[in-house]
**Q** 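Sharing a structure with you now.
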Amino acid sequence: MFITRAAAIALLGTIALSSASVAAEIKFGIGVAEGDYPEYNAVVRFKEYVEFKTNGEITVRLFPGNQLGGEREMLEQVQQGSLELTLPADGAMAGFYPPMQVWSVPYLFESAPIAWEVMNGPFGDAMRQDILEETGMRALAFSQNGFRSFTNNVRPIVDPDDMAGLKIRTMESPVYMEMVKALGATAVPISGAEVVMALRQGVVDGQENPPAVVYSGGHGEVQQYYTLNEHTFGLHVIVANNDWFEALSPGHQQIIQDAAELAALTENLEKTEGDWLYSRRLQEELGMEIHVSSPEEKAAFRDVVQAPVLQFIRGNVGDELVDELLAEVEAVKARMYGAQ
């Protein structure tokens with residue numbers, strides 16, 4: 001059977017059109033399981049936005065629940081190029097980019113809106129650029145992992161003395177370990193995937209996380225007391241493989257960046273709302289005893305813990321970075337609230 005030249009050209013055109021219409025699939029790995037949780041809802045928003053705005057030319061496949069490994073393993077995969085996107089917490093990110101520790105100053109932010117302004121302002125932009133230069137990974141956006149607070153099975157924590165002698169699980173971050181030590185407790189670094197088992201078996205007495213994480217991670221099922229002292233503000237970072245990102249067309253790069261900003265906004269709002277929604281669930285569904293620290297109680301914690309941890313952080317990341325962040329926080333407060 002012979003094919004005319006015109007028919008051959010038409011056939012080749014059809015083949016080319018079919019090839020061009022095949023969607024490029026990208027993988028997004030996260031630690032949180034599938035469900036109505038801020039992190040998962042954020043990456044679903046990312047997926048839906050990208051697929052809608054690219055007319056299906058890019059599809060996003062989500063891998064929730066540590067299917068691809070823990071946060072460290074997923075960061076390694078992004079760095080190596082076998083995974084396009086992941087959402088690590090600041091503690092895991094600090095293992096690849098030590099200056100990330102600067103965000104862990106205890107009682108740095110008085111409210112979530114202050115933190116959002118700093119994350120999205122000049123300081124946050126400069127750090128995202130530095131992450132790219134130092135790690136080769138592209139930090140698309142910072143988002144709110146939430147204010148971290150203590151749970152435990154021994155006693156209610158109302159003042160700093162109540163921390164004495166407790167064994168507290170922390171992320172594998174020297175800053176968090178130093179903070180727990182400054183409060184008179186013993187810090188035990190354990191990976192996120194092993195926390196519930198460690199709590200159940202009594203390897204540690206407690207841990208520290210925001211309410212949404214305590215609920216979604218199952219910590220509330222094995223913990224009795226929860227004190228919302230909000231000692232540190234935890235961040236997430238939407239991290240992309242830079243070679244993959246730079247290979248995208250400019251239009252698709254913009255869509256990916258916009259989707260990351262949308263995901264960050266989603267998590268910021270849901271994590272803030274989750275402070276009361278998930279605390280109520282933990283109390284009503286799981287019987288946890290919840291204590292919301294007053295400003296005076298927070299001040300007592302701050303007086304004990306901020307100075308030694310700030311000194312430790314300065315030793316790790318340098319005075320200049322710490323001073324820049326502290327100055328930015330004060331500038332944001334002045335813009336938002338005027339002269340105090």
**Q** Could you work out, with side-chain hydrogen bond (donor to acceptor under 3.5 Å, both in side chains) as the rule, every residue matching Gln79, not counting sequence neighbours?
**A** none

**Q** With the side chain counted from C-beta on, respond yes when Ser149 and Asn209 share a heavy-atom pair under 4.5 Å apart, and no when they do not.
**A** no

**Q** Strictly distance-based, threshold 3.5 Å: is any side-chain N or O of Gln223 a donor or acceptor partner for the main-chain N or O of Met288?
**A**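 No, Gln223 side chain to Met288 backbone: no donor-acceptor pair under 3.5 Å.
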
**Q** To the nearest 0.5 Å, what is the distance between NE2 (His291) and OG1 (Thr227)?
**A**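 Between atom NE2 of His291 and atom OG1 of Thr227 there are 6.0 Å.
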
**Q** Can you find a heavy atom in the side chain of Glu117 that is under 4.5 Å from one in the side chain of Glu328?
**A**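 Not touching, per the 4.5 Å side-chain cut-off.
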
**Q** Within a 6.0 Å radius of atom CD on Gln80, are there more than 12 heavy atoms belonging to other residues, nucleotides or ligands?
**A** yes

**Q** Which heavy atom of Gly217 sits nearest a heavy atom of Val196, and at what distance?
**A**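 Smallest interatomic distance, heavy atoms only, reads O-CG2, 3.1 Å.
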
**Q** Should the pair Trp103 and Phe123 be assigned to parallel (<30°), tilted (30 to 60°) or perpendicular (>60°) ring geometry?
**A** perpendicular

**Q** So does Ile58 get a backbone contact from the side chain of Thr54, meaning a donor-acceptor N/O pair under 3.5 Å?
**A**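 Looks like yes, one N/O pair under 3.5 Å.
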
**Q** Taking Met177 as the starting point, is it possible to reach Phe301 by hopping between hydrophobic residues whose side chains are less than 4.5 Å apart?
**A**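 No, Phe301 does not connect to Met177 through the hydrophobic network.
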
**Q** Would you say that more than 12 heavy atoms from the other residues, nucleotides or ligands in this model lie under 6.0 Å from the CD of Glu110, or not?
**A**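 No, not enclosed.
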
**Q** For atom CE of Met197, decide whether the heavy atoms of other residues, nucleotides or ligands shown that lie under 6.0 angstrom number more than 12.
**A**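 No, because the 6.0 Å sphere around CE of Met197 holds 12 heavy atoms or fewer from other groups.
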
**Q** Okay, side chain of Gln67, backbone of Pro64: is any donor-acceptor separation there less than 3.5 Å?
**A**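 Here the side-chain-to-backbone pair exists.
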
**Q** In terms of side-chain geometry, is the basic nitrogen of Glu230 or Lys298 positioned less than 4.0 Å from the acidic oxygen of its partner?
**A** yes

**Q** Report yes or no: do Asn152 and Tyr226 form a side-chain donor-acceptor pair below 3.5 Å?
**A** no

**Q** Decide, yes or no, whether a salt bridge links Arg314 with Asp319 under the criterion of side-chain N to carboxylate O below 4.0 Å.
**A** yes

**Q** Do Glu71 side-chain atoms and Ala89 backbone N/O form a donor-acceptor pair below 3.5 Å?
**A**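 The answer is yes, because a donor-acceptor pair under 3.5 Å joins these two groups.
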
**Q** Do Glu133 and Gln129 have a side chain donor and acceptor closer than 3.5 Å?
**A** yes

**Q** Please check if the side chain of Arg128 supplies one atom and the backbone of Ala139 the other of a donor-acceptor pair under 3.5 Å.
**A**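 Indeed, once roles are kept as given, a pair shorter than 3.5 Å links the two residues.
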
**Q** Kindly work out whether a path of hydrophobic side-chain contacts (I/L/V/M/F/W/Y, heavy atoms less than 4.5 Å apart) joins Leu87 to Phe245.
**A**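 Yes, Leu87 connects to Phe245 through the hydrophobic network.
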
**Q** Would you say that Asp90 contacts Val237 through its side chain, given a criterion of any heavy-atom pair below 4.5 Å between the two side chains?
**A** no

**Q** In the structure I gave you, are the side-chain heavy atoms of Thr232 and Val175 within less than 4.5 Å of one another anywhere?
**A** no

**Q** I'd like to know if Arg169 pairs up with Glu194 as an ion pair, taking the criterion as any Lys NZ or Arg NE/NH1/NH2 lying under 4.0 Å from an Asp or Glu carboxylate oxygen.
**A** no

**Q** Any heavy-atom pair between the side chains of Val239 and Met74 that's under 4.5 Å?
**A**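 With C-beta onward as the side chain, the pair stays apart.
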
**Q** To the closest 0.5 Å, what do you measure between CZ (Phe46) and CD (Glu261)?
**A**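 Separation between the atoms: 11.0 Å.
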
**Q** Could you tell me whether Lys333 and Glu330 have a side-chain N and a carboxylate O separated by less than 4.0 Å?
**A** yes

**Q** If Ile, Leu, Val, Met, Phe, Trp and Tyr residues are connected whenever their side-chain heavy atoms lie under 4.5 Å apart, and connections chain through other members, are Leu183 and Val158 in the same group?
**A**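 Shared cluster, no.
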
**Q** Ring-plane angle category for Phe233 and Phe109, please: parallel below 30°, perpendicular beyond 60°, tilted otherwise.
**A**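 Plane angle over 60°, so perpendicular.
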
**Q** Can you tell me how far the CG atom of Asn153 sits from the CG atom of Leu199, to the nearest 0.5 Å?
**A** 7.0 Å

**Q** Does NZ in Lys27 sit with more than 12 non-hydrogen atoms of other residues, nucleotides or ligands closer than 6.0 Å?
**A** yes

**Q** Heavy atoms only: give me the nearest Gly29-Thr86 pair and the separation to one decimal.
**A**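 In this case the closest contact between Gly29 and Thr86 is O-OG1, 2.8 Å.
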
**Q** Nearest 0.5 angstrom please: Phe28 CZ to Lys47 NZ, how far?
**A**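 Taking CZ in Phe28 and NZ in Lys47, the distance rounds to 12.0 Å.
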
**Q** Quick check: do Phe150 and Leu228 have side-chain heavy atoms less than 4.5 Å from each other?
**A**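 They are not in contact (no side-chain heavy atoms under 4.5 Å apart), so the answer is no.
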
**Q** Can you tell me how far CD of Glu73 sits from CG of Leu68, rounded to the nearest 0.5 angstrom?
**A**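 Here the interatomic distance stands at 10.5 Å.
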
**Q** Taking Tyr337 as the starting point, is it possible to reach Leu326 by hopping between hydrophobic residues whose side chains are less than 4.5 Å apart?
**A** yes

**Q** State plainly whether one hydrophobic cluster holds both Val154 and Ile157, where clusters connect Ile, Leu, Val, Met, Phe, Trp and Tyr through side-chain heavy atoms under 4.5 angstrom apart.
**A**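 Yes; Ile157 is reachable from Val154 via cluster members.
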
**Q** Can you tell me how far CE of Met127 sits from CD of Glu324, rounded to the nearest 0.5 angstrom?
**A**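 Glu324 CD to Met127 CE: 9.0 Å, rounded to 0.5 Å.
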
**Q** Would a distance-only check, ignoring hydrogens and angles, find a side-chain to backbone donor-acceptor pair under 3.5 Å from Asp205 to Lys167?
**A** yes

**Q** Do Phe142 and Asn120 have side chains that approach each other closer than 4.5 Å (heavy atoms only, starting at C-beta)?
**A**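 No, every pair of side-chain atoms sits at 4.5 Å or beyond.
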
**Q** Given 3.5 Å as the limit, does a donor-acceptor pair link the side chain of Glu267 with the main chain of Ala42, or not?
**A**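 Judged by distance alone, no pair lies under 3.5 Å.
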
**Q** Using a strict cut-off of less than 4.0 Å between a Lys/Arg side-chain nitrogen and an Asp/Glu carboxylate oxygen, indicate whether Glu285 and Arg280 qualify as a salt bridge.
**A** no

**Q** For the side chain of Asn41 and the backbone of Tyr37, is there at least one donor-acceptor N/O pair under 3.5 Å apart?
**A**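 Checked: pair present.
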
**Q** Hey, are Gln207 and Thr151 close enough side-chain-wise for a donor-acceptor pair under 3.5 Å?
**A**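 Result is yes, a qualifying pair exists.
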
**Q** For a quick check under 3.5 Å, do Asn241 and Glu84 share a side-chain donor-acceptor pair by atom type?
**A**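 No pair is found: no donor N or O on one side chain lies under 3.5 Å from an acceptor on the other.
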
**Q** Is there side-chain contact between Thr186 and Val180, with heavy atoms separated by less than 4.5 Å?
**A** no

